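Below is one structure, written out as structure tokens; the observations come after it.
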Amino acid sequence: MKIVTYNVNGIKARLPRLLEYFAEQQPDVVCLQELKCSDETFPAAEIDAAGYHAVWHGQKGFNGVAVLARGVAPIERARGLAGEPEDEHSRYLECEVGDLVVASIYLPNGNPQPGPKFDYKLRWMERLAVRARELLAEERPVVLAGDYNVIPRDDDTFSVRAMANDALMQPESRRAYRRLLAQGWTDALRWRAPTGGVWTFWDYQAGGWQRDAGFRIDHLLLSPQAADRLADAGVDKEYRGREKASDHAPTWIRLR
DNA sequence: ATGGCTTAGTTCCTAAGA
């Protein structure tokens, strides 16, 4: 089965591209980020007509995550992370899909850093780590898929120098990501390609796509029980080059 | 040192993204 994470950067603007992707790739499970729509305006009817059932956690203007499945309805387990009741950002949605637990994650960007947005990012990563540990304790196949807004290593960016002061690759961001992995999660793309540049994002600005100036920030983290079933992983890079593309490309795994 | 693009809402500018 193919499980995809895709930051669509506005589901309304991206809907034709998304439906095209469904028709061509027929993914089984899809985690979306940056819906940028309210719960009321999520295009459920169009997605349903394409054969997908969805659970979504929207927010007007920005953020927003969803879990979609082909021919089966995801069952919601949690929306939002514990630990900060005043946090109203729609960034976490956890569902049951068949025998899998799947979470769609939109981790805060954290720029500019230092500052309150960066502090929020680090707190959010701590809260995610708490939830991730609980999930591991269930000892079942779990996939934490999303836009983590973390460049984990120097070979995950086209230019260390260009990104040196960015929140995405500060030592604190990387340390929090490493701590998460150290709980026992497998970074599926790194498992498939242990070294070298694999990008999932290319900036709209300064000809990022044309120059192949990208970085790897969309990740699928697998519990040991899911990693046992990992068959392949990759990026559907071609979709970044199409008309009206998102600045992220669909990033995927195949599980046996 | 800054902006470059793109999306969406407060819409003919601003905020946010990364």
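A quick note: this is a predicted structure, and the numbers were derived from the prediction, not measured. Order of the sequence lines sets the chain letters (A, B, ...), proteins ahead of strands, with each chain counted from 1.
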Just call it for A:Arg91: base, sugar-phosphate, or nothing, with non-hydrogen atoms closer than 4.0 Å on any strand. sugar-phosphate
Please work out if A:Asp218 contacts a base, only the sugar-phosphate, or nothing of the nucleic acid, heavy-atom cut-off 4.0 Å. nothing
According to a strict under-4.0 Å criterion, is A:Lys60 in side-chain N/O contact with OP1 or OP2 of B:dT10? yes
Quick one: sort the A:Phe201 and A:His248 rings into parallel, tilted or perpendicular, breaks at 30° and 60°. perpendicular
Below 4.0 angstrom from OP1 or OP2 of B:dT7, is there any side-chain N or O of A:Arg14? yes
Do A:Leu68 and A:Tyr21 land in one hydrophobic cluster if side-chain heavy atoms of ILVMFWY residues count as linked below 4.5 Å? yes
Separation of the P atoms in B:dT10 and B:dC5, to the nearest angstrom: 26 Å
Geometric class of the A:Tyr148/A:His219 ring pair [parallel <30°, tilted 30-60°, perpendicular >60°]: tilted
Minimum-distance nucleotide to A:Ala206 side chain [options: B:dA18, B:dG4, B:dT7]: B:dG4
Expressed as a whole number of Å, how far does the P atom of B:dT11 sit from that of B:dT6? 23 Å
Please measure how far the C1' atom in B:dC12 lies from the corresponding atom in B:dT7, and state the result in whole Å. 16 Å
Quick one: label A:Asp147 by what it contacts on the DNA or RNA (base, sugar-phosphate, nothing), any heavy atom closer than 4.0 Å. sugar-phosphate
Under 4.0 Å, counting only non-hydrogen atoms across every strand here, what does A:His248 touch: a base, just sugar-phosphate, or nothing? sugar-phosphate
Has A:Asn7 got a side-chain N or O lying under 4.0 Å from the OP1 or OP2 atom of B:dA18? yes
Can you tell me if A:Arg229 has over 12 outside heavy atoms packed within less than 6.0 Å of its CZ? yes
Enclosure of A:Glu243 CD (heavy-atom neighbours >12, cutoff 6.0 Å): no
Think A:Tyr106 has a side-chain N or O under 4.0 angstrom from the OP1 or OP2 of B:dA18? yes
For the C1' atoms, the ones on B:dA1 and on B:dC13, what distance do you get once it is rounded to whole angstrom? 23 Å
Report the nucleotide, chosen from B:dG17, B:dG9, B:dT7, that has the shortest atom-to-atom distance to any side-chain atom of A:Phe62. B:dG17
Can you tell which of B:dA8, B:dG4, B:dG17 lies closest to the side chain of A:Lys117? B:dG17
Of the listed nucleotides B:dT7, B:dA16, B:dA8, the one nearest the side chain of A:Lys12: B:dA8
Which part of the nucleic acid, if any, lies within reach of A:Asn149 when heavy atoms closer than 4.0 Å are counted: base, sugar-phosphate only, or nothing? sugar-phosphate
In whole Å, I'd like the distance from the CG atom of A:Leu35 to the P atom of B:dA16. 18 Å
